[in-house]
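Okay, structure first, notes after.
By convention in this document, chain letters (A, B, ...) are assigned in the order of the sequence lines, proteins followed by strands, and residues within each chain are numbered from 1.
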There are 2 protein chains.
Amino acid sequence: MAVTIKDVAKAANVSPSTVSRVISDSRHISDKTKKKVRKVMEELGYHINLNARGLVRQSTKTIGIVLKYSENEAWNWINPFVSEVIQGISAHCHEHGYSIMITTGRTEKEIYSDVVKMVQGKQVDGMIVLYARKEDRVVPFLLEAAIPFVVIGKPVDRIHEVMYVDNDNVQAAKDATAFLLNQYHRKIGFIGDNPSFQVIQDRLEGYYKALELEGISKNPAYVKFVQNPEDEEKILDKFLKLEHPPTALVISSPLQGVGVLKRILNHGLHVPEDISVVVFNKTLITEVSIPKLTAIDTQTYQLGYEASKGVIELIHYPDTFKRSVIISARIEPKESHRSLQEN
Amino acid sequence: MAVTIKDVAKAANVSPSTVSRVISDSRHISDKTKKKVRKVMEELGYHINLNARGLVRQSTKTIGIVLKYSENEAWNWINPFVSEVIQGISAHCHEHGYSIMITTGRTEKEIYSDVVKMVQGKQVDGMIVLYARKEDRVVPFLLEAAIPFVVIGKPVDRIHEVMYVDNDNVQAAKDATAFLLNQYHRKIGFIGDNPSFQVIQDRLEGYYKALELEGISKNPAYVKFVQNPEDEEKILDKFLKLEHPPTALVISSPLQGVGVLKRILNHGLHVPEDISVVVFNKTLITEVSIPKLTAIDTQTYQLGYEASKGVIELIHYPDTFKRSVIISARIEPKESHRSLQEN
DNA sequence: CTGTTAGCGCATTCAG
DNA sequence: CTGAATGCGCTAACAG
């Protein structure tokens with residue numbers, strides 16, 4: 001067995017509680033004893049057992065992260081969104097001494113039970129959910145369990161009861177579409193992935209809104225959902241076979257963006273000469289892409305950072321008003337778009 | 001407070017120890033009582049406190065993951081290698097009921113203290129280290145602490161004392177180089193990132209070996225290390241200003257691969273017409289790249305999966321022979337190379 | 001300023 | 001097959 005608080009106490013000729021107080025640097029302990037105890041701890045190689053502390057404190061200083069799953073495994077972790085968000089969460093958690101635990105499940109059901117285990121098992125003090133989607137069981141469970149949590153994305157149900165961090169996706173998509181409209185595009189397509197995620201719905205809405213403002217009516221043929229990379233080919237085919245193919249596309253993920261880029265080339269067309277492309281989420285990928293993709297910077301890292309700030313605040317002050325945070329997103333013009341009017 | 005084993009015991013008219021036995025499905029309990037107790041657990045909404053269990057069992061069923069850090073933050077998580085490895089680890093851990101905790105630190109020092117906290121704090125039963133590098137303090141610490149762990153990559157020191165999972169990077173780089181030699185390239189460059197990582201050293205060695213077999217002597221001008229994306233430009237400049245610029249490149253990361261691709265285009269050159277490129281680590285990125293990059297499939301997911309298998313085996317059978325695992329890597333010819341002899 | 005006492009929730013002897 | 005007793009390592013009153 002490892003050396004415990006008792007061993008230290010004995011060796012230092014003090015009581016265990018004194019040692020405990022030294023550990024938490026209580027100000028009710030004289031500097032002299034602190035020094036003495038710390039020396040003994042050093043000598044004995046003492047280290048606190050966080051498990052035991054967790055048990056008595058009813059807190060583990062750990063945040064659980066519910067990963068976004070998708071039908072298509074590959075798109076999950078590889079999607080740079082997840083990586084960047086976690087970076088942001090990590091950074092803030094580290095500043096506050098919190099550890100991070102992540103779900104390991106791959107299906108919706110597995111992830112749900114991971115969450116139950118973390119929460120009911122008292123492994124975490126709070127949770128961050130990396131997605132918002134319809135008919136999801138995780139958020140209702142967390143509400144029921146009354147554990148601090150923050151959703152990244154816009155919750156679908158019971159929105160007033162949950163704290164969330166999100167971009168204004170409606171606005172962002174509206175901006176992106178308006179950006180293309182300003183460049184005299186009138187036939188603009190929209191490509192999203194899984195429409196059951198709220199984020200896709202919001203972006204679609206923003207896209208429609210921008211068109212509406214220009215008096216352009218909804219055209220379902222210009223809206224497609226790609227659930228796996230293979231579909232990209234078909235979708236582009238369909239677009240191009242239209243009597244009036246789109247001259248520009250708004251695409252809801254960077255990976256899809258580069259995918260579509262490639263398909264366009266396959267068709268012997270060029271970006272931005274033949275088709276302009278604006279994608280959601282500026283990431284390293286959009287930067288290394290050729291051409292660089294004109295992308296909407298959703299400040300993913302910041303999203304994670306703020307989410308972490310949120311949970312930790314909720315943990316410390318449970319009665320905090322659940323003020324949700326909107327992270328601004330703005331378009332960064334790069335090389336994948338052009339104006340139709342080459343004045 | 002949540003409902004505990006005692007509450008269940010009381011409600012079911014049994015002793016706490018009986019409830020405990022029902023939880024672990026002990027075969028010393030009659031089916032009748034099991035049923036009865038389970039019913040009560042259900043009604044009361046009982047869930048085990050894993051913290052308490054951890055304390056008494058001296059095991060948390062949690063694996064810690066030590067993330068690879070790099071000077072350049074962005075390259076860390078975004079690097080798909082990490083994502084894929086974690087997917088593999090996740091999958092296996094989930095199968096065995098293990099949770100995953102990740103380090104949150106960004107600098108070497110922070111990560112080290114994260115590790116100490118996890119291990120000494122008894123938060124984890126085992127560890128997986130996602131890198132192997134010189135003068136690293138983590139591995140020695142882990143050895144000292146005598147906790148089960150597996151390194152992904154080839155350990156630098158005390159290699160016989162640690163279990164590791166790795167590709168044969170020497171062989172893989174040799175194959176990659178030989179592949180280019182077979183295509184009649186004679187001036188082959190090598191680009192790696194941080195040379196303090198063992199993996200880079202190994203690949204460099206393999207590269208040299210292949211050249212040697214063809215009687216081509218080492219040329220330092222053909223070997224460059226890129227520590228951040230900006231350097232790519234300079235390095236390519238240097239390569240191209242040589243009297244005999246390389247006609248092919250072996251590159252040690254997919255992100256660097258696409259980066260270099262882009263720089264080559266900037267110079268008005270084309271891949272594979274002017275320069276052939278072979279990169280390490282087939283990932284989604286190499287697939288969506290234009291052209292698709294001829295890449296070495298290092299089976300990253302499998303690397304993680306095997307590492308997890310390793311730790312969990314070590315946890316269950318501490319005296320397991322530390323048999324290390326080599327995951328085969330093979331080159332997947334795509335579109336970024338060509339033969340110099342167009343017969 | 002420090003020691004004593006009493007658990008946190010669970011698993012595991014040892015009896016019966 | 002089940003119950004009573006004990007302790008995992010730590011913290012938090014409550015005394016002094």
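C:dG7 atom C1' lies 17 Å from atom CZ of A:Arg53, rounded to whole Å. The separation between A:Leu44 atom CG and D:dG9 atom C1' is 15 Å, rounded to whole Å. Rounded to whole Å, atom P of C:dG9 lies 14 Å from atom CG of A:Asn51. Rounded to a whole Å, the CG atom of A:Asp25 is 13 Å from the P atom of D:dT11. D:dA12 atom C1' lies 10 Å from atom CZ of A:Arg57, rounded to whole Å. Remark: P of C:dC10 and NZ of B:Lys122 are 22 Å apart, rounded to the nearest angstrom. What separates OH of B:Tyr46 from P of C:dG9 is a distance of 10 Å, to the nearest Å. For the pair A:Leu55 CG and D:dC10 P, the interatomic distance rounds to 12 Å; values are reported in whole Å.
At distances below 3.5 Å, not a single donor-acceptor pair connects side-chain atoms of B:Thr60 with backbone N or O atoms of B:Gly54. B:Lys39 places no side-chain N or O within donor-acceptor distance of the main-chain N or O of B:Ala12, the cut-off being under 3.5 Å. No side-chain donor-acceptor contact under 3.5 Å links A:Arg137 to the backbone of A:Lys109.
Taking 4.0 angstrom as the limit, B:Thr33 places a side-chain polar atom (N or O) nearer than this to OP1 or OP2 of D:dT2.
Looking at every heavy atom in both residues, A:Arg57 comes nearest to A:Ser24 through NH2-CB, 4.2 Å.
Residues B:Tyr305 and B:Glu95 have side chains that bring a donor and an acceptor to within less than 3.5 angstrom of each other. Between the side chains of B:Ser17 and B:Ser20, no donor-acceptor pair of N or O atoms lies under 3.5 Å.
Around NZ of B:Lys309, the count of heavy atoms belonging to other residues, nucleotides or ligands within 6.0 Å does not exceed 12.
Looking at the side chain of A:Gln58, the nearest of the listed nucleotides C:dG9, D:dT11, C:dA11 is C:dG9.
If you check residues 5-24 of chain A against DNA chain D, the residues with a heavy atom closer than 4.0 Å are A:Ile5, A:Ser17, A:Ser20, A:Arg21, listed by number.
Each of A:Val56 and B:His28 was assigned the nucleotide of DNA chain D with the nearest heavy atom; the assignment lying further toward the 5' end belongs to B:His28.
Among the heavy atoms of the strands lying under 4.0 Å from B:Ile29 are primed sugar atoms or P, OP1, OP2 only; no base atom is included.
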